Undergrad: 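I have a structure here, written as structure tokens, and I will follow up with some questions on it.
The shown structure was predicted, so the numbers you read here are calculated from the model rather than taken from an experiment.
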Amino acid sequence: MFDRDLWREIFQSINMNRTRTLLSGFTVTFAILLFAILFGITNGLTNTFDDAFKDDATNSIFIMSGRTTKANKGLQAGRQIQFKNEDYDYIKEEFGEKVQYITARIYKNVNASFQNEKNSYSVRAVHPDHQYLENTKVTIGRYINQLDLNEKTKVVVIGRLVENDLFLKTTALGKYINLNGIQYKVVGVFEDDGGDNEERLIYMPITTAQQIYGNNDYIDQINLTYNPKMGYDQAIAFSSLLTRKLKDRFSVAESDQRAVRVRNLANEAKGINQMTSGLGMIVLVIGFGTLIAGVVGISNIMIFIVKERTKEIGIRKALGASPKSIVSIILMESVLITLIAGFVGLVLGMGILELIGPSLEKFFIKDPKVSLNLVIGATITLIVAGGIAGYLPAKKASRIKPIVALRDD
């Protein structure tokens, strides 16, 4: 394998057939180049979709209320549907095993201040499960807990940018922040991958908000995550059942699309998964199709090389060279050409993706790169392809009889 004379001989053979080698290598280079670019673009689209949903759990369902647009069961159109705590409890109890996490939401806008710093922020009053639905990362302190809900404590968890805005000379944890004239203790600071808007939010216990802002049990929205063991079709069927149950609970017509709205991320995730899977299959077909063309080209050049070296092979066999050694030298030459050409294509493809990557973001293709798994897979594929390309010519060469080879013109 590491015989210097053997490798010198291989490179001499390649050098003597430079044009054919370059043409055959170009096919492999182009195949891997095209494969890398298409695979990178597919990854870029996947990254874009992942980025769009990274702010929320991918198995989230959002339940929102509105006004009825159709009369139903003797009730007039135009009714405002208002969720209450009992509706949150109903969903939690009715669909227990199908629900992973669940929270209600109340939205408020407040003027916040700490010492001489002031600003306006949005408040979300929530249950403890909300942390998992929003993928909220508490960096200091803690999140809202059940004890806060039970005791209706005046505590808040603030976003990183809220702390930056108001707490210039100190940390926020343990301090009291004024929200519309009421003091709340900061028990945690969080970060959120959703961006600046998400990190300028303030969370408080939903029971506290209900008591302070109206002394009622109204809620604005109910969010939940379905059991992750469900497939896409099961999750979509679950949200359809949930919609029917809630419409019946509020005497809403089945065809009324505004009174009770249920958005299930499974619908979007299923479509995205189908699209990316389809793109992946197209990339594989194109890439391997082009690679097969390259393998055929290399196989052809090896046939020419074997023909041109017939006398040399005859002499080798006459001097005692085994068929195995004849096969190995031709196979190694074939694999070497395929590997070099393939890696050139891979490097060019990665370089092109690196160069044009930033400009592709306007086409919703984010960070198009080739994964390490692809590099490893491409290497293995190239070795196998090179071996296949050289095997038949090598086998043919190993069967040449010395006397016939020496007579060859």
Side-chain angles (χ1 to χ4, degrees), residues 49 52-107 124-136 146 149 194 206-207 209-210 214 216-277:
F49 295 133
F53 293 112
K54 70 180 179 182
D55 181 36
D56 301 310
T58 54
N59 57 332
S60 294
I61 295 177
F62 306 94
I63 308 169
M64 297 153 283
S65 62
R67 289 187 180 276
T68 58
T69 58
K70 298 182 180 181
N72 188 56
K73 296 182 180 179
L75 300 172
Q76 296 295 318
R79 287 183 298 124
Q80 176 65 50
I81 302 300
Q82 178 70 66
F83 294 146
K84 295 183 179 181
N85 288 339
E86 61 191 45
D87 301 310
Y88 163 85
D89 293 333
Y90 164 75
I91 294 172
K92 192 173 182 180
E93 293 169 7
E94 180 74 11
F95 304 100
E97 292 183 358
K98 296 181 179 180
V99 175
Q100 181 189 27
Y101 299 113
I102 184 170
T103 181
R105 274 186 185 179
I106 295 175
Y107 299 100
R124 288 179 183 170
V126 298
H127 289 87
D129 280 3
H130 191 276
Q131 179 179 5
Y132 306 106
L133 275 85
E134 278 288 325
N135 293 328
T136 303
Q146 189 60 44
L149 265 65
I206 193 166
T207 52
Q210 288 175 328
N216 55 48
D217 63 351
Y218 294 145
I219 55 181
D220 296 325
Q221 185 175 324
I222 301 172
N223 297 348
L224 60 90
T225 55
Y226 57 81
N227 190 324
K229 293 181 180 179
M230 290 184 183
Y232 289 136
D233 292 335
Q234 290 175 306
I236 292 169
F238 166 53
S239 63
S240 298
L241 174 63
L242 182 59
T243 303
R244 290 197 301 272
K245 291 274 191 178
L246 289 175
K247 284 185 175 181
D248 184 63
R249 182 177 175 84
F250 288 97
S251 299
V252 173
E254 287 189 15
S255 57
D256 193 330
Q257 301 299 316
R258 295 196 177 186
V260 176
R261 305 187 305 279
V262 178
R263 179 194 172 201
N264 189 347
L265 291 187
N267 289 289
E268 299 161 38
K270 181 180 179 181
I272 290 167
N273 185 62
Q274 289 175 339
M275 189 184 74
T276 52
S277 297

Undergrad: Report yes if the side chains of R124 and Q221 come closer than 4.5 Å at any heavy-atom pair, otherwise no.
TA: no
Undergrad: For the side-chain contact (heavy atoms from CB on, under 4.5 Å) test, which of I61, V126, T225 pairs with L133?
TA: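 Passing option: T225.
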Undergrad: Between T103 (side chain only) and H127 (backbone N and O only), is there a donor and an acceptor less than 3.5 Å apart?
TA: yes
Undergrad: So, taking the atom named OH in Y101 and the one named CG in N59, what distance separates them when rounded to the nearest 0.5 Å?
TA: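 Here the interatomic distance stands at 9.0 Å.
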Undergrad: In chain order, what residues pass the side chain to side chain contact (heavy atoms under 4.5 Å, CB included) check against Q234, with sequence neighbours excluded?
TA: M230
Undergrad: Is there a side-chain contact between T207 and N85 in this structure, where contact means two heavy atoms from C-beta onward sitting under 4.5 Å apart?
TA: no
Undergrad: If I compare all heavy atoms of A57 with all of N135, which pair ends up nearest, and what's the gap?
TA: N-ND2, 3.6 Å
Undergrad: Could you report the tightest heavy-atom contact between S255 and K70, atom names first, then the distance?
TA: OG-NZ, 2.8 Å
Undergrad: Any idea which heavy atoms bring Y218 and I106 closest together, and the distance?
TA: O-CD1, 3.3 Å
Undergrad: Counting only heavy atoms from other residues, nucleotides and ligands, does the tally under 6.0 Å from OH of Y107 exceed 12?
TA: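 More than 12 heavy atoms, drawn from other residues, nucleotides or ligands, come within 6.0 Å of this atom.
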Undergrad: State, to 0.1 Å, how close T276 and N273 come at their nearest heavy-atom pair, and which atoms those are.
TA: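 Shortest heavy-atom contact: OG1-O, 3.1 Å.
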Undergrad: Sequence neighbours excluded, which residues qualify as salt bridge (charged side-chain N to carboxylate O under 4.0 Å, His left out) partners of D256?
TA: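 Counting only residues at least two positions away or on another chain, D256 forms no salt bridge (charged side-chain N to carboxylate O under 4.0 Å, His left out).
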Undergrad: If we only count heavy atoms from C-beta on, is the P128 to L149 side-chain gap below 4.5 Å?
TA: yes
Undergrad: What residues, two or more places apart in sequence or in another chain, satisfy salt bridge (charged side-chain N to carboxylate O under 4.0 Å, His left out) together with E94?
TA: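 For E94, the residues satisfying salt bridge (charged side-chain N to carboxylate O under 4.0 Å, His left out) (neighbours in sequence not counted) are K245.
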Undergrad: Evaluate the side-chain proximity of D87 to L246: yes if any heavy-atom separation is below 4.5 Å, no if none is.
TA: no
Undergrad: Are there more than 12 heavy atoms of other residues, nucleotides or ligands under 6.0 Å from atom CD of E97?
TA: no
Undergrad: Heavy-atom count around Q146 CD within 6.0 Å, excluding the residue itself: above 12?
TA: yes
Undergrad: Return yes when atom OH of Y132 has more than 12 non-hydrogen atoms of other residues, nucleotides or ligands closer than 6.0 Å, and no otherwise.
TA: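 Count not over threshold, so no.
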Undergrad: Does I219 reach the side chain of Q210, with side-chain heavy atoms less than 4.5 Å apart?
TA: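 The answer is yes, as the side chains (C-beta and beyond) meet within the 4.5 Å cut-off.
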Undergrad: Do any N or O atoms from the side chain of T68 and from the backbone of R79 form a donor-acceptor pair under 3.5 angstrom?
TA: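 Checking the backbone N and O of R79 against the side chain of T68, a donor-acceptor pair under 3.5 Å is found.
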Undergrad: State, yes or no, whether a side-chain contact exists between L241 and F95 at a heavy-atom distance under 4.5 Å.
TA: yes
Undergrad: Between the side chains of K73 and D248, is the shortest nitrogen-to-carboxylate-oxygen separation below 4.0 Å, so that they form an ion pair?
TA: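 A salt bridge links D248 with K73.
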Undergrad: Between Y226 and Y232, is the gap from one ring center to the other below 6.0 Å?
TA: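 Distance test on ring centres: not under 6.0 Å, no.
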Undergrad: Answer yes or no: is there a donor N or O on one side and an acceptor on the other, between the side chain of N264 and the main chain of A235, under 3.5 Å?
TA: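 Answer holds: yes.
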Undergrad: Could you give the distance from NZ (K270) to CE (M275), rounded to the nearest 0.5 Å?
TA: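 One finds 15.5 Å between NZ of K270 and CE of M275.
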Undergrad: Given side chains that start at C-beta, do those of N72 and K247 come closer than 4.5 Å, heavy atoms only?
TA: no
Undergrad: Once rounded to the nearest 0.5 Å, what's the spacing between atom CZ of R258 and atom CD1 of I81?
TA: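 Result: 14.0 Å between the selected atoms.
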Undergrad: Under the 3.5 angstrom rule, does the side chain of Q100 hit a backbone N or O of L224 as a donor-acceptor pair?
TA: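 Side chain of Q100 to backbone of L224, a donor-acceptor pair under 3.5 Å: no, none is there.
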